[in-house]
Number of protein chains: 2
Amino acid sequence: MYSLAEENYLKAIYHLEQQTKGEVSTNAIAERMSTKPSSVTDMIRKLADKKLLSYKRYKGALLTSDGRKTAANVIRKHRLWEVFLVEKLNFHWDEVHEIAEQLEHIKSEELISRLDKFLGSPDFDPHGDPIPDKHGNVKRTEKKLLSELNKKQRGVCVGVKESSSDFLQYLDKKKITIGTKVTVLGKEFFDGSMVIQVGRDQFFISKKIAENLYVQTN
Amino acid sequence: MYSLAEENYLKAIYHLEQQTKGEVSTNAIAERMSTKPSSVTDMIRKLADKKLLSYKRYKGALLTSDGRKTAANVIRKHRLWEVFLVEKLNFHWDEVHEIAEQLEHIKSEELISRLDKFLGSPDFDPHGDPIPDKHGNVKRTEKKLLSELNKKQRGVCVGVKESSSDFLQYLDKKKITIGTKVTVLGKEFFDGSMVIQVGRDQFFISKKIAENLYVQTN
DNA sequence: CACAATATTTAGGGTTGTCTAAAAAAACAT
DNA sequence: ATGTTTTTTTAGACAACCCTAAATATTGTG
Ligand SMILES: [Mn+2]
Ligand SMILES: [Mn+2]
Ligand SMILES: [Mn+2]
Ligand SMILES: [Mn+2]
């Protein structure tokens, strides 16, 4: 089994790979993990020795399929625990991430399999992120950022990009949650700000908000 | 907050104090933790510096009230998680200890408070052990070992001393669980073995079995 | 292309928690 | 009480992870 530190590196690299679509740089990993590039070099070497990723000096890291599977499994655990915390323990969706960061490292296949069943095998976590299956496969759905919509387009909120407490609490205040229907009433091309309709309310949102809300249009 | 290693030492010392009713020796701790006495010396120094226990060279360790409270809290978490695993995830009582050993180190007051409520604030874990309250207080009940009973006495099984898989599976085979009524039909003073009645069955048990089953007589 | 800026690695350490081997203290036995 | 056995501590080392500072490779710019 892998150590807590190793699992956290794998998870970080997994997420970064999705953005960069290719090798992940030492500095990017250091940034994401709030650690120093020299520490990253050490760890990446170790993970390469264990065949969890491939690494050539100065060329960045790329997960092997073993590494990708291991990372996906940690993410699966994280998201299942988040569902548990929200659905069963009635935590609010902005309170669960830190606790799930700890719970995701608990080692027991059986535990996760039973937890999954107990929760009704959910497909998404409380923030709308997909839960990988036990083989590490993620069902990708086509979703776009609210900021990509144009005037008069309509979408259903399916997730958040950021899930900081501040952002989630803002959404609550505006009565936006997973499943909420949003219509773009106006879009300002100068600053990307929008006026949107949510239920009976109409209000202004900045580009930053629109860039952190995922919607599905159908 | 305390490290995983520190919490495990505190827990071990807490349990040992209950047996020895006084200072706990370095060797006893080493034995219980499957570690070396020299490692124990290092750690109890550190815990003494942190005022979690008092320690004088060659004189063994004694938890301070801070240390005792911290230990009881870890045990509270362990036992609550065991209840969760058995009651909610349908684990068998012989499968939960190892997983609870990991879960007991998750750090979040709020999590435990909500978990406790979710489980209906149980007083005992699946093995009949009392769950300390949030202040670290344990409700002690008078229970005795089945081996202390004499011929014709009757008791209700309220817990197990050992909770190894082997022992718990033996109990299952004999249909003994928490709440089961047991009557001593015969007791052999030479080897401490007994013949007992459980439901409609009568059978022989060794002293070792009788010494690991707690009963309440009233 | 050369040089400056940036990214990455290497060298050398620190901390936590573990171990073995040896020294010292305490307990036991005659 | 003295010698032996057992317990406990000390000394020195190691693995996992992390850090700072310095060296080196890569990238970007004129
Ligand atoms: Mn999360
Ligand atoms: Mn999430
Ligand atoms: Mn247990
Ligand atoms: Mn238990």
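Excluded from the calculations below are hydrogen atoms, water molecules and symmetry mates; all remaining heavy atoms, backbone and side chain alike, are included. Each chain gets a letter, A, B and so on, in the order the sequences are listed, and its residues count up from 1.
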Q: Check step by step if ring pair (Phe, Tyr, Trp, His ring centres under 6.0 Å) holds for B:Phe84 and A:Phe84.
A: CA-CA 12 Å; B:Phe84 168 72; A:Phe84 169 72; 5.1 Å; yes
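Rounded to an integer number of Å, the gap from A:Lys59 NZ to D:dT26 P is 6 Å. Taking atom NZ of B:Lys36 as the reference point, atom P of D:dT9 lies 16 Å away to the nearest angstrom. A:Asp42 places its CG atom 10 Å from the C1' atom of D:dC19, with the value rounded to the nearest Å. B:Ile29 has its CD1 atom 9 Å from the P atom of D:dT8, to the nearest Å. Residue A:Ile44 contributes atom CD1, which lies 15 Å from atom P of C:dA7 at whole-angstrom precision. Between the CG atom of A:Leu16 and the C1' atom of C:dA7 there is a distance of 16 Å, given to the nearest Å. What separates CD of A:Glu23 from P of D:dT26 is a distance of 14 Å, to the nearest Å. The separation between A:Lys56 atom NZ and C:dT8 atom P is 16 Å, rounded to whole Å.
Phosphate proximity of C:dT6 to A:Asn27: absent, as no side-chain N or O sits under 4.0 Å from OP1 or OP2. OP1 or OP2 of D:dT10 lies within a sub-4.0 Å distance of a side-chain N or O belonging to B:Arg45. The side chain of B:Arg57 contributes an N or O atom lying less than 4.0 Å from OP1 or OP2 of D:dT10. OP1 or OP2 of D:dC19 has at least one side-chain nitrogen or oxygen of A:Thr35 nearer than 4.0 Å. Phosphate contact (OP1/OP2 of C:dT18, side-chain N/O of B:Tyr9, threshold under 4.0 Å): present.
Base engagement by A:Ser39 is indicated by at least one non-hydrogen atom pair under 4.0 Å involving a base atom. Across all strands shown, A:Thr41 has heavy atoms under 4.0 Å from base atoms, whether or not it also approaches the sugar-phosphate.
Looking only at atom types and distance, the side chain of B:Thr64 has no donor-acceptor partner in the side chain of B:Asp66 under 3.5 Å away. Looking only at atom types and distance, the side chain of A:His135 has no donor-acceptor partner in the side chain of A:Asn73 under 3.5 Å away.
Side-chain to base pairing of B:Ser38 with C:dT20: one donor and one acceptor N or O lie within less than 3.5 Å of each other.
The pair B:Arg76-B:Glu104 fails the salt-bridge criterion, with no side-chain N (NZ, NE, NH1 or NH2) lying under 4.0 Å from an Asp/Glu carboxylate O.
Below 30°, between 30° and 60°, or above 60°: for A:His127 and A:Trp93 the angle between ring planes is below 30°, a parallel geometry.
Between A:Ser34 and A:Tyr58, the one whose closest nucleotide on DNA chain D sits nearer the 5' end is A:Ser34.
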